[in-house]
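The structure presented is a predicted model; accordingly, all values stated were derived computationally and were not measured.
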Amino acid sequence: MKKVIEIVDVIDTAKVYAELSDANSGGICVFVGAVREFTNNEEVVALEFETYKAMALKEMEKIADTAMRKWSLNKVVMRHAVGEKGVEEPVVIVGASSAHRDACFEACRFLIDTLKETVPIWKKEKFKNKTVWVSAHP
Amino acid sequence: MNVLFFGITKDIVGSSEISFSDEFKPVNVAELKKQLVESYPEFSKLNSLAVAVNSEYADDNVQLNGNEEIAIIPPVSGG
């Protein structure tokens with residue numbers, strides 16, 4: 001079982017296939033999160049991500065390990081970007097490979113959903129004339 | 001006691017790390033949160049306020065001796 005867990009400045013979406021591919025995997029499922037141009041009809045200039053890196057990597061490891069226990073997976077990738085990201089840039093990529101597609105589809109969903117709940121990464125939305133920390137306030 | 005701040009809590013306190021004086025000696029996580037909210041009332045308006053001790057989420061009853069790495073975790077928003 002191979003895991004790739006990383007916090008990086010720039011995500012290269014092209015390399016994930018090679019990271020997840022292997023002879024025992026008939027299915028590879030990948031989710032990429034990217035910067036959307038509008039939030040509630042307001043134009044987003046950029047998103048800025050920051051992290052508590054040591055803890056974020058630990059939490060991502062835990063999520064990957066939990067996924068490996070729940071599903072029969074061959075490889076798992078979890079990679080998040082930090083810094084300022086413009087519209088259409090990738091900010092997160094998670095994926096899993098498995099013998100058959102059900103396991104990797106379900107695991108991929110779990111990886112991104114749990115990452116968003118527990119991993120200490122914060123996102124600031126930069127609009128033309130204000131900035132907002134996402135989810136900070138009710 | 002040194003405390004790390006991230007995201008909106010860093011903006012509220014105006015620094016990513018604060019060394020608190022000896023009078024600031026919370027015995028556990030609950031007391032740390034209470035003292036921080038007293039010092040920074042803006043914290044009470046957040047959706048949630050978690051604490052990490054040695055880079056692990058810590059419940060309110062986790063004891064503190066001042067030598068740990070303590071971090072304030074406002075609502076996360078990765079992805």
What are the two closest non-hydrogen atoms of A:Thr118 and B:Val76, and how far apart are they?
N-CG2, 4.2 Å

Quick check: closest heavy atoms across B:Asn47 and A:His137, and the distance to 0.1 Å?
ND2-O, 3.1 Å

For B:Asp11 and A:Lys124 the tightest heavy-atom approach is OD2-NZ, 4.2 Å

For A:Phe105, does the CZ atom sit with more than 12 other heavy atoms under 6.0 Å from it, leaving out its own atoms?
no

Under 3.5 Å: donor-acceptor pair, side chain of A:Trp122, backbone of B:Pro74:
yes

A:Ile11, A:Met78: one ILVMFWY side-chain cluster at the under-4.5 Å cut-off?
no

Tell me, out of A:Ile112, A:Val92, A:Val134, who's got the most heavy-atom pairs with chain B below 4.5 Å.
A:Val134

Measure the OH-CD1 distance between A:Tyr52 and B:Ile72 for me, rounded to the nearest 0.5 Å.
10.0 Å

Top residue by heavy-atom pair count (under 4.5 Å) with chain A, among B:Pro75, B:Ser48, B:Ala52?
B:Pro75

Under 4.5 Å between side-chain heavy atoms, hopping through other hydrophobics if needed: is there a path connecting A:Val45 to A:Leu47?
no

Sub-4.5 Å side-chain heavy-atom contact between B:Glu69 and A:Met55
no

Toward chain B, the part of A:Val91 with a non-hydrogen atom under 4.5 Å:
side chain

Counting only non-hydrogen atoms closer than 4.5 Å, does A:Trp133 touch chain B with its backbone (N, CA, C, O), its side chain (CB onward), both, or neither?
side chain

Shorter than 4.5 Å, heavy atoms on both sides: which option in A:Gly33, A:Pro120, A:Ala136 has the most such pairs with chain B?
A:Ala136

Is it the backbone or the side chain of B:Leu49 that comes under 4.5 Å from a heavy atom of chain A, or both, or neither?
neither

What about A:Val4 and A:Leu111, same hydrophobic cluster or not, with Ile/Leu/Val/Met/Phe/Trp/Tyr joined at side-chain heavy-atom distances under 4.5 Å?
no

Measuring heavy-atom distances to chain B, does A:Glu48 have an atom under 4.5 Å in its side chain, in its backbone, in both, or in neither?
neither

In this structure, are over 12 heavy atoms from other groups packed under 6.0 Å from A:Glu43 atom CD?
yes

Please answer whether the main-chain N or O of B:Gly79 pairs with a side-chain N or O of A:Lys123 as donor and acceptor at a distance below 3.5 Å.
yes

Might you confirm whether atom CZ of A:Phe127 has over 12 heavy atoms from other residues, nucleotides or ligands at distances under 6.0 Å?
yes

Heavy-atom contact with chain B under 4.5 Å, split by part of A:Lys116:
both

Do B:Phe43 and B:Val3 share a hydrophobic cluster, counting only Ile, Leu, Val, Met, Phe, Trp and Tyr and linking them when any side-chain heavy atoms are less than 4.5 Å apart?
yes

Spell out, yes or no, whether A:Ile93 and A:Met68 are grouped together once hydrophobic residues are joined by side-chain heavy atoms under 4.5 Å, including indirect joins.
no

